[in-house]
Amino acid sequence: PERGGGGYAEAERYRVDVRFVSFKPSPAQAEFEEYVRAFPRDTRIGRETLVRGYYEWGYRPDVVEVNPLAWAQSEADLDRYPWPDLSAPYRSEGLEAEVEALHAQDYAVAGNLPHLGGELFETAWRLRGFAAFNLDLLDRPALANALLDRLAQLAGDNARRLAEIGVDVLVLDDDVGMPGGMIISPE
């Protein structure tokens, strides 16, 4: 369970010896909460941190093929996108003390990076659109590479911060496959 996600009751019940820490949300949390309230009560929208990420990146999973960077045609267009402040110092305030407290209780501490469903591939296609990003890989490799480079820089900055504060396990997740194979056939 993540910080603010109801505590560690399940982890305690199953005797899991790892605890997670999370980067702080944006000050726009009130706007995020308003965004979430717009969904019908029975809508499954995912973990709070995931949906908060959708909001911060401008990604709308409720609107088909409306992706924040769908309009981008060049590397220069990436400069005009309002990138979230995922590496701002306030995001990790208090995490070092939280890690120390968990270590004092003999827990390993895990942390994952702020992302949009996955650190690189999944975030890139959510920003551009699945078909558009995959076409970028073929037709606009400079744009695809520039986008992946920016995402890798964000991931690297936050991974370094987690290492500095003493996190034991860096959790990375990105969907590149499905239960039956790769998302896109190598052929």
Side-chain angles (χ1 to χ4, degrees), residues 2 22-88 90-92 111-161 170-187:
E2 298 170 41
S22 300
F23 286 92
K24 289 184 177 181
S26 161
Q29 181 68 21
E31 292 174 29
F32 161 70
E33 290 170 3
E34 187 64 31
Y35 166 72
V36 171
R37 274 194 288 278
F39 290 95
R41 270 185 81 73
D42 62 346
T43 302
R44 166 107 170 85
I45 55 176
R47 294 184 330 272
E48 178 184 344
T49 53
L50 179 63
V51 179
R52 183 187 310 126
Y54 289 171
Y55 178 80
E56 289 185 274
W57 288 88
Y59 175 67
R60 295 288 308 270
D62 57 318
V63 180
V64 177
E65 291 304 315
V66 175
N67 303 87
L69 281 171
W71 54 271
Q73 296 298 310
S74 69
E75 295 175 61
D77 289 338
L78 298 178
D79 294 331
R80 290 191 277 282
Y81 176 66
W83 294 90
D85 64 347
L86 301 176
S87 300
Y90 77 86
R91 297 284 192 155
S92 61
N112 63 336
L113 309 177
H115 61 280
L116 187 57
E119 284 74 29
L120 298 176
F121 177 69
E122 195 167 351
T123 296
W125 74 252
R126 287 179 188 263
L127 290 171
R128 290 281 296 136
F130 187 77
F133 180 69
N134 282 287
L135 288 172
D136 290 345
L137 292 171
L138 293 172
D139 299 335
R140 291 177 292 276
L143 177 61
N145 288 331
L147 177 55
L148 290 170
D149 286 346
R150 285 177 187 249
L151 296 174
Q153 180 66 48
L154 285 170
D157 290 346
N158 287 301
R160 273 187 291 286
R161 184 64 189 130
L170 176 62
V171 178
L172 302 173
D173 56 312
D174 219 331
D175 292 339
V176 296
M178 302 181 314
M182 300 296 290
I183 290 175
I184 298 171
S185 167
E187 292 84 42

Gap separating the CG atom of L147 from the OG1 atom of T123, nearest 0.5 angstrom: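 It is 9.0 Å, given to the nearest 0.5 Å.
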Under the side chain to side chain donor-acceptor pair (under 3.5 Å) test, which residues partner R150, sequence neighbours left out?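 Here the qualifying residues are D79.
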Taking side chain to side chain contact (heavy atoms under 4.5 Å, CB included) as the test, write out the residues that go with A88, two or more places apart.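 Residues passing side chain to side chain contact (heavy atoms under 4.5 Å, CB included) with A88: D85, Y90, R91.
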Straight-line distance of W83 CH2 to L154 CG, nearest 0.5 Å: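 Separation between the atoms: 6.5 Å.
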Measure across V171 and N112 and return the closest heavy-atom pair with its distance rounded to 0.1 Å.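 V171 and N112 have their closest heavy atoms at O-CB, 3.2 Å.
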If the condition is side chain to side chain contact (heavy atoms under 4.5 Å, CB included), which residues does L170 pass it with, not counting sequence neighbours?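 With sequence neighbours excluded, L170 shows a side chain to side chain contact (heavy atoms under 4.5 Å, CB included) to L113, A159, L162, L172, given in chain and number order.
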From E119 CD over to D173 CG, what is the distance, rounded to the nearest 0.5 angstrom?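 The CD atom of E119 sits 5.0 Å away from the CG atom of D173.
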Keeping to residues at least two apart or across chains, list the salt bridge (Lys or Arg N to Asp or Glu O under 4.0 Å) pairs with something in residues 133-149.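 Every pair satisfying salt bridge (Lys or Arg N to Asp or Glu O under 4.0 Å) with a residue in residues 133-149: R128-D136, D136-R140.
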Closest non-hydrogen atom pair, L137 against A144: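 Heavy atoms only, the tightest pair is CD2-CB, 3.8 Å.
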What residues form a side chain to side chain donor-acceptor pair (under 3.5 Å) with Q153, not counting sequence neighbours?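 Q153 satisfies side chain to side chain donor-acceptor pair (under 3.5 Å) with D157 once adjacent residues are dropped.
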Assess whether side chain to side chain contact (heavy atoms under 4.5 Å, CB included) is satisfied between N67 and F133, documenting all intermediate values. CA-CA 11 Å; N67 303 87; F133 180 69; over 6 Å; no
State which residues pass side chain to side chain donor-acceptor pair (under 3.5 Å) with N134; sequence neighbours excluded, sorted by chain then number.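 In terms of side chain to side chain donor-acceptor pair (under 3.5 Å), with neighbours along the sequence ignored, N134 is linked to no residue.
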L151 CG to L86 CG distance, which is reported to the nearest 0.5 Å: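 If we round to the nearest 0.5 Å, L151:CG and L86:CG are 9.5 Å apart.
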Residue list, side chain to side chain contact (heavy atoms under 4.5 Å, CB included) with D77, at least two apart or on another chain: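 By the side chain to side chain contact (heavy atoms under 4.5 Å, CB included) rule, D77 matches W71, A72, Q73, S74, R80.
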